[in-house]
Amino acid sequence: MSAAPEPAALNLSSIADRFVAGASIRRITPLGNGNVNDTFLVEPHDSGGEAFVMQRVNTEVFRSPERVMHNLLRVSRHVGDKLSSSPEALQGRRWEMPRVIRLRHSNGHWVEDQGDFWRGISYIGAAVTLDVVESNEQAREVGYGLGMFHHLISDLPADELEDTLEGFHITPQYLQRHAEVLKQHARALDRQEQDCQNFIAARSGSVSVLEDAKARGELQLRPIHGDPKVNNLMMDADSGNAIALVDLDTVKPGLIHYDIGDCLRSGCNPLGEETTDVDQVSFNLERCAAILEGYLSAARGFMVDADFHYLFDAIRLIPFELGLRFFSDHLDGNRYFKARHQRHNLQRARVQFQLCASVEAQEREIRELIEQLR
Ligand code: GN1
Ligand code: MG
C-alpha cells in the first residue's frame with residue numbers, strides 16, 4: 001500500500017483554504033469509497049459559498065497529474081461549449097458537467113503540497129449515487145448516463161487528450177505484467193489463488209480480442225471515461241434520472257468498449273463488487289438489456305457495425321481484466337488498489353472472475369440481446 005501519509009494526518013483545512021477562504025468552511029469529510037484517490041467533501045457555512053470536492057490524486061497511479069488536469073479541463077470546456085451551442089443534445093433533461101475549481105490567489109488549478117497533488121472539483125448537489133443497481137429503471141438511467149457522456153464527447157478529437165495512464169484497459173499488458181508478478185511471487189499459491197490462476201490461464205488466448213480489432217482498424221480510439229462504474233453516475237435526487245458522470249481522472253483516448261464493459265460489469269452484478277458471497281455472484285441479463293437500451297437511446301448516433309460486433313467480447317473481457325488486475329495486485333502486496341485486509345483484492349478478483357464466468361455461461365442470450373438492440 002502507498003507510502004503517502006494517511007489523509008487524517010494531512011492538514012486538509014490549509015489545502016482547502018487555497019481553493020476557498022478558510023473562514024467560510026464549515027467541515028471537511030471523506031466522500032465516496034474510491035480505490036485509488038482520496039476524496040473529501042468541503043462544505044461551507046450556511047451563509048454562502050458552494051460545497052466542492054477536494055481530491056488528493058494518487059501520483060503512484062497517475063504519474064503526471066498535470067496531464068490528468070489537462071484532460072479534465074479540455075473535456076469540461078468541450079462539453080460546456082457543446083451544451084451552450086446545442087442544448088437540444090440533452091433531450092430536455094438535466095445534465096451537469098463537473099467543473100475544475102481555480103485557486104483563489106492564482107490562475108492555477110491544483111495545489112502541490114509535500115509531494116501531494118490536490119485539486120478541487122464542483123460538487124453536484126441534489127443528487128445521489130448507487131453502489132448497486134436495484135431496478136431495471138435505474139439500469140436504464142445508468143446506461144443513458146454513459147451514453148449521454150459518450151455522445152457529448154464523441155466529437156472531441158481523441159488526439160487532443162493526453163494518455164494519462166499508459167496501458168489502462170490494455171488487457172494483454174495486464175496479463176504480461178501478471179506473469180512477471182507471478183514469477184517474483186515467493187510463496188506457493190493457496191487454493192483460492194490457484195483457482196484464480198487457472199481461470200486466467202484458461203483465457204489467456206482470448207485477451208487481445210479488442211486490441212487486435214483496434215490494430216486492424218475495426219475499432220477506433222475515441223475519448224472515453226475509463227471508469228464508468230455505477231457509483232460514478234449521479235442520479236437526480238427527485239426524479240432518479242442520471243444527471244452526471246463524475247470521477248473524470250481516467251478520461252483519455254480509448255475504446256468505448258472498455259466503458260460499456262465496465263458499466264455492465266458493475267451495473268449487472270446485483271451483489272456489488274465488494275460482496276463476500278462470491279459463489280452467489282451472477283451477471284443479470286435483464287439489467288444488461290436495460291443498461292444497453294438506455295445507452296443506445298443517447299449513443300446510437302455514433303455507433304457503427306463493428307462497435308456492435310465487439311460488444312459481447314467487451315462484456316466478457318472487462319470483468320476478466322479487472323479480476324486479473326485485482327489478483328495481480330493481491331500477489332504484489334496490494335500496492336495499487338487500497339485494501340482493507342490482506343485478502344481483500346483476492347476476494348475482489350474472485351467476484352470479477354465469477355461474474356465473467358456467468359457472462360460466458362450466458363453468451364448466447366447476451367449475443368441475441370445485442371442483435372435485437374442493434
Ligand atoms: C478503481 O478508484 P476507483 O474506485 O474510482 C480503478 C478502476 C476500477 C475500480 C474498481 C485508475 O477506480 O479501473 O474499475 O477501481 N481506477 C483506476 O472498483 O485504476
Ligand atoms: Mg476512478
Side-chain angles (χ1 to χ4, degrees), residues 1-2 4 7 30-40 53 55-65 67-69 71-72 75 98 117 119 121 129-133 142 145-146 149 161-171 173-174 177-178 224-234 244-255 257-269 271-275 281 314-315 317-330 332 334-340 344-356:
M1 281 159 263
S2 128
L31 181 68
N33 42 12
N35 292 332
V36 173
N37 295 326
D38 297 307
T39 308
F40 302 88
V53 177
Q55 276 190 313
R56 178 170 68 155
V57 178
N58 181 332
T59 48
E60 293 287 317
V61 171
F62 298 102
R63 297 284 174 159
S64 310
R67 290 207 218 155
V68 172
M69 297 306 286
N71 286 356
L72 231 155
V75 165
F117 187 101
R119 48 96 189 283
I121 313 264
T129 55
L130 319 162
D131 276 321
V132 290
V133 171
V142 163
L146 178 61
F149 184 84
L161 296 177
E162 306 265 2
D163 186 355
T164 45
L165 207 49
E166 224 185 290
F168 193 51
H169 289 309
I170 313 286
T171 318
Q173 284 191 27
Y174 291 113
R177 254 179 262 152
H178 177 70
I224 63 160
H225 181 277
D227 186 16
K229 60 179 177 184
V230 166
N231 63 14
N232 279 334
L233 269 149
M234 311 274 318
L245 187 52
V246 299
D247 191 10
L248 304 179
D249 305 309
T250 46
V251 165
K252 69 183 203 91
L255 298 179
H257 294 71
Y258 307 151
D259 275 359
I260 299 171
D262 196 61
C263 186
L264 289 167
R265 67 125 196 110
S266 160
C268 306
N269 171 3
L271 296 183
E273 63 186 75
E274 292 291 335
T275 183
V281 169
I315 298 171
L317 191 64
I318 299 299
F320 172 81
E321 177 190 277
L322 185 57
L324 171 66
R325 294 172 62 201
F326 281 140
F327 182 51
S328 271
D329 198 37
H330 164 73
D332 199 22
N334 304 315
R335 297 197 297 178
Y336 186 101
F337 295 105
K338 292 181 205 162
R340 281 187 293 279
H344 196 169
N345 282 318
L346 175 62
Q347 170 201 309
R348 289 166 166 161
R350 294 173 61 231
V351 170
Q352 294 304 314
F353 288 151
Q354 179 74 19
L355 195 63
C356 172

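Residue numbers run from 1 in the order of the sequence given. One-based numbering, in listed order, for ligands and for the atoms of each.
Using a cut-off of 2.8 Å, one finds that D249 contributes no N/O/S atom close to the Mg ion (ligand 2).
Below 3.5 Å of separation, one finds an N or O of Y336 facing an N or O of ligand 1. When only interatomic distances are considered, the shortest N/O to N/O separation between R325 and ligand 1 falls below 3.5 Å. Residue contacts with ligand 1: K229 is placed with a nitrogen or oxygen under 3.5 Å of a nitrogen or oxygen of the ligand (distance criterion only). Residue-to-ligand polar distances keep F326 apart from ligand 1: every N/O pair is separated by 3.5 Å or more.
Within D247, the N/O/S atom positioned nearest the Mg ion (ligand 2) carries the name OD2. No other N/O/S atom of D227 lies as close to the Mg ion (ligand 2) as OD2 does.
Residue N37 does not touch ligand 1, judged by heavy-atom distances below 4.0 Å. Contacts between R265 and ligand 1 below 4.0 angstrom, taking non-hydrogen atoms only, involve the side chain exclusively.
Counting only distance, with no hydrogens or angles, the side chain of D259 and the backbone of G226 share a donor-acceptor pair below 3.5 Å. Under a 3.5 Å cut-off, the side chain of E162 and the backbone N or O of K252 do not form any donor-acceptor pair.
Proximity to E273 (heavy-atom distance under 4.0 Å) selects the following atoms of ligand 1: 10 (C), 18 (O). Residue D247 approaches ligand 1 through these ligand atoms, each under 4.0 Å from one of its heavy atoms: 5 (O). Near F62, the atoms of ligand 1 lying under 4.0 angstrom from a non-hydrogen atom of the residue are 11 (C). Taking a cut-off of under 4.0 Å to the non-hydrogen atoms of G34, the atoms of ligand 1 that pass are 2 (O), 4 (O).
Taking the side chain as every heavy atom from C-beta outward, R340 and E274 approach each other to under 4.5 Å.
Salt bridge R335/E60: absent, no basic N to carboxylate O contact under 4.0 Å.
Relative to atom 12 (O) of ligand 1, the option among L165, D227, T164, N35 with the closest non-hydrogen atom is D227.
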